[in-house]
Amino acid sequence: MTHAEEVDQSAPAATTEEYDDLRGQRLQKLLRLVEQGVDPYPPRFQRTHTAAEARLAFEQGGAGEVSLAGRIVSMRIMGKASFCHVQDGSGRIQLYFRQDVMGDRYQSFRSDLDIADFIGARGTLFQTRTGEVTLQVQEFVLLAKALRPLPEKWHGLTDVETRYRQRYLDLVSNETVRQVFQTRSAIVGAMRCYLNTHGFIEVETPILQPLYGGAAARPFETYHNALDRRLFLRIASELYLKRLIVGGLDRVYEIGKDFRNEGVSTTHNPEFTMMECYQAYADYNDMMVLVEEMLASIAREVLGTLQFPWKGHTIDLTPPWRRVTLREAILEESGIDYDRYPTADALAKRMVEARLTVVRGTPRGKLIDELLDTYVEPKAIQPTFLLDYPVELSPLAKKKPGAPGVVERFEGFVGGIEIANAFSELNDPLDQRERFLQQRADAAAGDDEAHQMDEDFVVALEHGMPPTGGLGVGVDRLAMLFTDQHSIRDVILFPQLRSQG
RNA sequence: GGGCCGGUAGCUCAGUGGCAGAGCAUCUGACUUUUAAUCAGAGGGUCCAGGGUCCGAAUCCCUGCCGGCUCACCA
């Protein structure tokens, strides 16, 4: 909407009462400026420095005349001289306005501008009595009038719901929030850099899929009108990336959104960012090394160190990480050796003895997963690989030679969070078909997260896939870890919320 | 889905049965190096919504909505 339309709506009732609110007062100022021929939203302004660049230039011996631009975040108006701070993407800098320097324009600053407006200002830099580098303004111009005020200057914006729903206010008023998202961006950048320099090529695979697969999860459904076809939003990119390995792209990766139709929590958002990579002629041991090196590389790049704080602990990403089999880890933390309970019933009975609540009929694989979640995951603060998972949980992983019922799979945990999941990829098409059939049986038995039979994928494997290591890394969780944020909503700009009541 | 906590001015929050409050922000006035500027004054409310109890409800009760934490669910 243009301000002209606002005029039409409001002008007939332009009494003092009509403008007796914060937005109204600002609107009135805007209309007054328009009457004076001022464009409150001019198309451009040429600045010579950012706030940070200006400060640096001054400290390195003066910068002469500079032009700055930013949002007014505070004002101190005192008679014939005034100060304000403006904020741009690089930080804040103070502006100083004097009537004897600026003449009539000084009154305009006092009466036309508000906190939250964007302005551009030209002048020279100096240091105040207390040493703050400040721009003595010769001339300024309004760049964008704000009709609504900013959150309070001291406490900022703390209401969690408003922070998520109006993230821009959160970003304007909370410096640490800006830093978190800058760090997140740097993490993704460093991840790309690591993979690119290690021979991986970045690819993009379908988000709209006729069959969903690559993980155990319920999908979102959608519908394509022209094709008259039901489609699913992907829950993983795995099956498409492995088709590319079949096709001879020996090292591929994708960083993108997955969608899982599940509840929300401090560690789950329905759409989240996943990095998956696949490397031909590698196995899960190679992927472990890749995880160690990649995370160390990202930490060095983004944090400048391999040690960083997390929930009061100090995480140390220095390779190599601890390696322990899933069976040993669970035995160590719970005293339960699941190998001694080869059936679901026997294991469930043992877990009930350990005072765990067990839902009747839970498959053995899910029971083991529950032991992992309950006993091992919260303790895995320092980087840990758990390896060799039960085959029931991993329909896409290759069986470990000489170890019946076990697949070559690991999960990487840091800070008590699952960060990575990888395996030696199953490339035996006959075995893969059997696994899918088993999943179909699970689905028939009521498992609504069971894998679908993906005949097209099996055909791809029948054309031959080399031995391959595959890896998934949760980018949101990595961002949580590196920024010491304990809710996934604080590393996702616009987390999923209920519709507003 | 269960339990607990919360929703009051633009923002941050007090107020637990008796006139709707404070700080910041806003408006008016004073003030030429302030920086949570200061000083004097003023305006600003769907107390989340609906219902109930009561002479009287922001406050007590019920229902609903939204949010947070947590448990369950969930690679």
Side-chain angles (χ1 to χ4, degrees), chain A residues 16-17 19-26 28-29 73-85 92-102 106 110-111 114-116 126-132 134 136 146-166 169 172-173 214-218 235-236 238 258 260-270 272 274 357 359 362 365-366 368-370 372-374 377 386 389 393-396 409 411 413 417-422 447-449 451 472 474 477 486-487 489 495 497-501:
Chain A
T16 307
E17 285 76 19
Y19 290 118
D20 199 13
D21 66 289
L22 297 176
R23 183 172 177 277
Q25 286 166 355
R26 286 164 178 260
Q28 200 170 30
K29 289 182 184 180
V73 291
S74 70
M75 296 177 94
R76 291 172 294 284
I77 294 178
M78 331 164 283
K80 298 185 182 64
S82 299
F83 291 88
C84 74
H85 275 98
R92 294 182 175 192
I93 193 163
Q94 184 168 251
L95 269 45
Y96 180 44
F97 298 78
R98 288 178 64 123
Q99 186 169 47
D100 59 3
V101 171
M102 304 175 62
Y106 181 75
R110 283 189 52 145
S111 50
D114 291 295
I115 291 172
F126 74 105
Q127 223 161 1
T128 62
R129 186 182 294 164
T130 51
E132 179 164 353
T134 299
Q136 161 117 33
L147 294 181
R148 297 174 189 267
L150 287 177
E152 202 240 9
K153 64 182 174 188
W154 190 241
H155 300 92
L157 182 65
T158 63
D159 181 86
V160 178
E161 188 173 354
T162 309
R163 286 185 47 226
Y164 296 154
R165 291 193 193 278
Q166 294 178 275
L169 294 177
V172 168
S173 48
R218 280 176 290 170
I235 58 174
E238 171 147 0
D258 289 345
R260 299 187 185 176
N261 211 334
E262 299 162 354
V264 299
S265 76
T266 47
T267 48
H268 294 79
N269 196 59
F272 60 100
M274 179 74 90
T357 53
V359 177
T362 305
K366 296 225 169 191
I368 293 171
D369 202 29
E370 196 169 319
L372 162 62
D373 289 348
T374 306
E377 182 164 359
L386 299 182
Y389 279 57
L393 280 175
S394 316
L396 301 166
R409 172 186 178 182
E411 291 185 308
F413 294 85
I417 307 179
E418 179 197 335
I419 293 292
N421 179 25
D447 183 353
D448 56 6
E449 296 188 337
H451 228 284
R477 290 177 179 180
H486 308 154
S487 169
R489 296 181 201 104
L497 299 177
R498 224 175 277 269
S499 61
Q500 224 159 353

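The chains referred to below are lettered A, B, ... by the order of the sequence lines, with proteins before strands, and numbering in each begins at 1.
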*Asks:* Which part of the nucleic acid, if any, lies within contact of A/Asp369, taking any heavy atom under 4.0 Å across all strands shown: a base, the sugar-phosphate backbone alone, or nothing?
*Replies:*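 No contact.
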
*Asks:* What pairs with A/Asp114 under salt bridge (Lys or Arg N to Asp or Glu O under 4.0 Å), at least two apart in sequence or on another chain?
*Replies:*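 Here the qualifying residues are A/Lys29, A/Lys145.
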
*Asks:* From the options B/A36, B/C13, B/A37, select the nucleotide whose nearest atom is closest to the side chain of A/Trp154.
*Replies:*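 The answer is B/A36, which lies nearest to the side chain.
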
*Asks:* Just to verify, what does A/Ser111 make a side-chain contact (heavy atoms from CB on, under 4.5 Å) with, not counting sequence neighbours?
*Replies:*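 Expected list: A/Arg32.
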
*Asks:* Could you please name the option among B/G10, B/U12, B/U34 that lies closest to any side-chain atom of A/Asp159?
*Replies:*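 Among the listed nucleotides, the one closest to the side chain of A/Asp159 is B/U12.
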
*Asks:* For A/Arg260, report the nucleic acid contact type (base, sugar-phosphate, nothing); a contact means any heavy atom under 4.0 Å.
*Replies:*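 The answer is sugar-phosphate, as A/Arg260 gets under 4.0 Å only of primed atoms, P, OP1 or OP2.
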
*Asks:* Of the nucleotides B/A25, B/U12, B/C74, which one has an atom closest to the side chain of A/Lys366?
*Replies:*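 Of all the options, the side chain of A/Lys366 is nearest to B/C74.
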
*Asks:* Which part of the nucleic acid, if any, lies within reach of A/Thr158 when heavy atoms closer than 4.0 Å are counted: base, sugar-phosphate only, or nothing?
*Replies:*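 Contact class for A/Thr158: sugar-phosphate only.
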
*Asks:* For B/U53, which nucleotide in any strand shown is its Watson-Crick or wobble partner with both distances under 3.5 Å?
*Replies:*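 Here B/U53 is not engaged in any pair, so there is no nucleotide opposite it.
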
*Asks:* A/Leu157 has a side chain; which of B/U33, B/C31, B/U12 sits nearest to it?
*Replies:*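 Nearest nucleotide to the side chain: B/U12.
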
*Asks:* Looking at A/Arg129, does any N or O in its side chain come under 4.0 Å of the phosphate oxygens OP1/OP2 on B/U34?
*Replies:*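 Checking A/Arg129 against B/U34: at least one side-chain N or O falls below 4.0 Å of OP1 or OP2.
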
*Asks:* I'd like a table of atom pairs between the protein and nucleotides 67-73 of chain B - only N or O on both sides, under 3.5 Å - with the distance next to each one.
*Replies:*
residue	atom	partner	partner atom	Å
B/G67	OP1	A/Arg498	N	2.5
B/G67	OP2	A/Arg498	NE	2.8
B/G67	O4'	A/Glu161	OE1	3.1
B/G68	OP1	A/Arg489	NE	3.4
B/G68	OP1	A/Arg489	NH1	3.4
B/C69	OP2	A/Arg489	NH1	3.0

*Asks:* Please state the P separation for the pair B/G18 and B/G29 - nearest whole angstrom.
*Replies:*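 It works out to 40 Å between them.
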
*Asks:* Using salt bridge (Lys or Arg N to Asp or Glu O under 4.0 Å) as the criterion, list what pairs up with A/Arg98, not counting sequence neighbours.
*Replies:*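 A/Arg98 satisfies salt bridge (Lys or Arg N to Asp or Glu O under 4.0 Å) with A/Asp100 only.
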
*Asks:* Mind running side chain to side chain donor-acceptor pair (under 3.5 Å) on A/Gln99 and A/Arg110 for me, showing each step along the way?
*Replies:* CA-CA 10 Å; A/Gln99 186 169 47; A/Arg110 283 189 52 145; over 6 Å; no

*Asks:* Give a yes/no answer on whether the side chain of A/Lys153 brings an N or O atom under 4.0 Å of OP1 or OP2 in B/C11.
*Replies:*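 No, because none of the side-chain N or O atoms of A/Lys153 sits under 4.0 Å from OP1 or OP2 of B/C11.
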
*Asks:* Taking ring pair (Phe, Tyr, Trp, His ring centres under 6.0 Å) as the definition, give me every residue that meets it alongside A/Phe97, ordered by chain and number, with sequence neighbours left out.
*Replies:*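 Checked A/Phe97 against ring pair (Phe, Tyr, Trp, His ring centres under 6.0 Å); matches are A/Phe109, A/Phe140.
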
*Asks:* If I take atom OH in residue A/Tyr96 and atom C1' in nucleotide B/C31, what distance separates them, rounded to the nearest angstrom?
*Replies:*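 So the two atoms are 12 Å apart, to the nearest Å.
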
*Asks:* Mind checking what makes side-chain contact (heavy atoms from CB on, under 4.5 Å) contact with A/Thr374, not counting sequence neighbours?
*Replies:*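 Here the qualifying residues are A/Leu356, A/Glu370.
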
*Asks:* Could you tell me the Watson-Crick or G-U partner of B/G23, where both distances fall under 3.5 Å? Say none if there is no partner.
*Replies:*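 B/G23 is paired with B/C11.
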
*Asks:* Please classify the nucleic acid contact of A/Gly156 as base, sugar-phosphate, or nothing, using heavy-atom distances under 4.0 Å.
*Replies:*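 It contacts sugar-phosphate atoms only.
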
*Asks:* Of all the choices, B/C74, B/U33, B/U12, which nucleotide is nearest to the side chain of A/Glu152 once you look at every atom?
*Replies:*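 When the side chain of A/Glu152 is considered, B/U12 is the closest of B/C74, B/U33, B/U12.
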
*Asks:* To the nearest 0.5 angstrom, please state how far the CZ atom of A/Arg26 sits from the CG atom of A/Leu22.
*Replies:*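 Going from the CZ atom of A/Arg26 to the CG atom of A/Leu22 covers 7.5 Å.
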
*Asks:* Given that both distances must come in under 3.5 Å, which nucleotide forms a Watson-Crick or G-U wobble pair with B/U33?
*Replies:*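 The base-pairing partner of B/U33, which may sit in any strand shown, does not exist here.
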
*Asks:* Quote, to the nearest angstrom, the P distance that separates B/C62 from B/C4.
*Replies:*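 Taking atom P in both B/C62 and B/C4, they lie 11 Å apart.
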
*Asks:* Given the rule in the side-chain contact (heavy atoms from CB on, under 4.5 Å) test, do A/Leu95 and A/Gln136 qualify, once you have shown the distances and angles that lead to the verdict?
*Replies:* CA-CA 6 Å; A/Leu95 269 45; A/Gln136 161 117 33; over 6 Å; no

*Asks:* For B/G6, what is the paired nucleotide under Watson-Crick or G-U wobble rules, both distances under 3.5 Å?
*Replies:*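 Partner of B/G6: B/C66.
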
*Asks:* With a 3.5 Å cut-off and just heavy-atom distances, do the side chain of A/Glu132 and the base of B/U34 make a donor-acceptor pair?
*Replies:*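 Between B/U34 and A/Glu132, which were checked side chain against base, a qualifying N/O pair under 3.5 Å is absent.
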
